[in-house]
Amino acid sequence: MYRQETIKPYEAEAGKAAQVEQMFDNIAPTYDKLNHRLSWDIDKGWRRKAIRQLEPYKPQTLLDIATGTGDFAILAAEMLRPERLVGADISEGMMEIGRQKVKAKGLQDIISFEKEDCLALSYPDGSFDAVTAAFGIRNFADLDKGLMEMCRVLKEGGHLSIVELTTPVNFPMKQLFHVYSHTVLPLYGRLISKDTSAYAYLTKTIEAFPQGERMVEILKKAGFKEASFKRLTSGICTMYFATK
């Protein structure tokens with residue numbers, strides 16, 4: 001078990017998956033505004049870089065895991081022009097906002113949202129050309145199982161593109177990020193979202209999540225033949241790319 005798997009948003013007896021679902025339902029109305037402000041909109045560029053990893057392969061069927069309010073799914077649909085893109089998440093509150101955004105952009109014929117347990121996806125083996133995930137897999141209650149499911153639903157030779165928040169490893173960004181993530185991020189998150197636990201939980205999961213070379217090992221253990229990573233913005237974010 002990895003450290004982030006034992007971290008829960010709330011001091012309650014409910015399991016991690018149920019608590020994460022509750023948390024995202026709670027913060028859904030302010031989630032997009034907070035994300036962009038807390039990252040100074042840099043997160044939009046990170047998403048673009050992660051999607052560009054898939055451009056050479058022209059995937060026509062995509063699954064966006066932990067899709068949230070659909071920002072990554074919408075950008076992938078606009079950049080990759082697939083025939084079909086499914087956004088999967090456990091939070092109906094987040095996905096309902098995503099559905100409204102998709103409808104406003106006229107992408108409802110391409111993008112659909114489905115409530116799914118990311119540790120036990122309902123899709124048959126080899127259903128998708130590509131699987132994506134942006135800032136969500138660190139919330140998995142079982143990282144190995146979640147990654148194995150992502151590998152299972154990929155076609156042979158299909159690709160996985162992940163972008164995830166990570167802790168910088170070099171001075172001075174490591175020290176600056178520590179101060180920011182332990183003071184500004186939880187305070188601002190609490191003031192805007194009104195959820196006193198959600199953004200403190202965010203900091204804990206970032207620090208506990210396996211990253212870099214360790215994450216590459218975990219991806220290969222989950223069934224991917226090849227895996228690599230690239231740190232962005234001095235290591236605040238990391239992209240992973242894997243092939244089944």
Side-chain angles (χ1 to χ4, degrees), residues 9 20-55 57-118 121-123 127-139 150 153 159-165 185 188-195 198-199 202 232-233 237 239:
V20 168
E21 179 180 358
Q22 178 189 345
M23 180 191 73
F24 280 116
D25 282 345
N26 289 344
I27 66 174
T30 57
Y31 180 80
D32 286 337
K33 180 169 69 174
L34 264 172
N35 261 15
H36 300 323
R37 286 188 180 181
L38 288 170
S39 71
W40 300 289
D41 278 339
I42 299 173
D43 62 304
K44 296 177 182 178
W46 294 336
R47 287 183 173 93
R48 287 188 177 277
K49 288 179 184 294
I51 293 168
R52 286 195 188 106
Q53 295 186 121
L54 295 170
E55 283 182 330
Y57 308 101
K58 301 184 184 340
Q60 292 304 299
T61 54
L62 283 87
L63 173 65
D64 186 38
I65 289 288
T67 194
T69 62
D71 273 1
F72 199 59
I74 290 168
L75 192 58
E78 292 174 338
M79 291 178 64
L80 300 173
R81 300 293 179 184
E83 294 176 359
R84 172 175 170 254
L85 194 158
V86 177
D89 204 287
I90 60 171
S91 170
E92 278 290 354
M94 296 284 277
M95 288 191 293
E96 186 52 39
I97 293 173
R99 291 184 185 103
Q100 295 169 17
K101 288 155 66 173
V102 164
K103 186 176 180 180
K105 286 183 171 286
L107 293 170
Q108 61 268 34
D109 290 339
I110 298 173
I111 301 174
S112 61
F113 291 90
E114 298 175 359
K115 185 170 183 176
E116 287 281 337
D117 177 357
C118 294
L121 295 169
S122 65
Y123 311 110
S127 295
F128 299 95
D129 296 325
V131 175
T132 60
F135 315 119
I137 62 171
R138 70 179 183 281
N139 296 308
M150 294 162 85
V153 300
H159 300 92
L160 170 68
S161 182
I162 293 172
V163 60
E164 188 55 84
L165 294 171
L185 195 153
Y188 193 55
R190 184 166 63 248
L191 290 173
I192 301 298
S193 73
K194 309 302 182 185
D195 189 311
Y199 285 83
L202 170 65
L232 306 174
T233 317
C237 178
M239 285 194 313

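It should be emphasised that the depicted structure is a prediction, and the values quoted were computed from it without experimental measurement.
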Is any side-chain heavy atom of [X] less than 4.5 Å from a side-chain heavy atom of [Y]?
X	Y	value
Phe135	Cys237	yes
Asn139	Phe24	yes
Phe113	Val86	no
Met239	Arg47	no

| task | Evaluate side chain to side chain contact (heavy atoms under 4.5 Å, CB included) for Leu165 paired with Leu202, printing each intermediate quantity in order. | result | CA-CA 10 Å; Leu165 294 171; Leu202 170 65; 4.2 Å; yes
To check you understand the geometry: which heavy-atom pair defines the closest contact between [X] and [Y], and what is its length?
X	Y	result
Ala73	Leu85	O-CD1, 3.4 Å
Ala50	Phe72	CB-CZ, 3.8 Å
Leu63	Ala88	CD1-CB, 4.0 Å
Glu114	Ser112	OE2-OG, 4.1 Å
Leu62	Pro82	CD1-CB, 3.4 Å
Glu92	Arg99	OE1-NH1, 3.2 Å

Atom pair [atom1] ([X]) and [atom2] ([Y]), whose distance is rounded to the nearest 0.5 Å:
X	Y	atom1	atom2	answer
Asp129	Arg84	CG	CZ	10.5 Å
Thr132	Ile65	OG1	CD1	8.0 Å
Ser127	Leu121	OG	CG	9.5 Å
Trp46	Ile51	CH2	CD1	14.5 Å

| message | Closer than 3.5 angstrom, by distance alone: can the side chain of Thr69 be matched with the main-chain N or O of Met94 as a donor-acceptor pair? | response |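 Side chain of Thr69 to backbone of Met94: no pair is present.
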| said: I'd like to know if Glu55 pairs up with Arg48 as an ion pair, taking the criterion as any Lys NZ or Arg NE/NH1/NH2 lying under 4.0 Å from an Asp or Glu carboxylate oxygen. | reply: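 Result for this pair is no, no salt bridge flagged.
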| field | Lys/Arg N to Asp/Glu carboxylate O, Lys101 vs Asp32, below 4.0 Å | value | yes
| task | Evaluate the side chain to side chain contact (heavy atoms under 4.5 Å, CB included) criterion for residues Arg52 and Met79: first the C-alpha distance (whole Å), next the side-chain angles of each, then the deciding distance (0.1 Å), finally the verdict. | result | CA-CA 8 Å; Arg52 286 195 188 106; Met79 291 178 64; 3.7 Å; yes
| task | Could you tell me whether the side chains of Ser91 and Glu21 share a donor-acceptor contact shorter than 3.5 Å? | result | no
| said: Testing the 3.5 Å rule here: is there a donor-acceptor pair between the side chains of Thr67 and Asp89? | reply: no
| request: Walk me through it: do Glu83 and Thr61 pass the test side-chain hydrogen bond (donor to acceptor under 3.5 Å, both in side chains)? | output: CA-CA 6 Å; Glu83 294 176 359; Thr61 54; over 6 Å; no
| message | For Ile97 and Tyr31: C-alpha separation, side-chain torsions, deciding distance, then whether side chain to side chain contact (heavy atoms under 4.5 Å, CB included) applies. | response | CA-CA 10 Å; Ile97 293 173; Tyr31 180 80; over 6 Å; no
| request: Only counting residues at least two apart or in another chain, list the ones meeting salt bridge (charged side-chain N to carboxylate O under 4.0 Å, His left out) with Lys105. | output: Glu78
| Stepwise, does the side chain to side chain contact (heavy atoms under 4.5 Å, CB included) test hold for Glu96 with Gln100? | CA-CA 6 Å; Glu96 186 52 39; Gln100 295 169 17; 3.8 Å; yes
| message | Please evaluate residues Arg138 and Glu164 with respect to the criterion salt bridge (charged side-chain N to carboxylate O under 4.0 Å, His left out), reporting the C-alpha separation (whole Å), side-chain torsions for both, the decisive distance (0.1 Å), and the verdict. | response | CA-CA 8 Å; Arg138 70 179 183 281; Glu164 188 55 84; 2.3 Å; yes
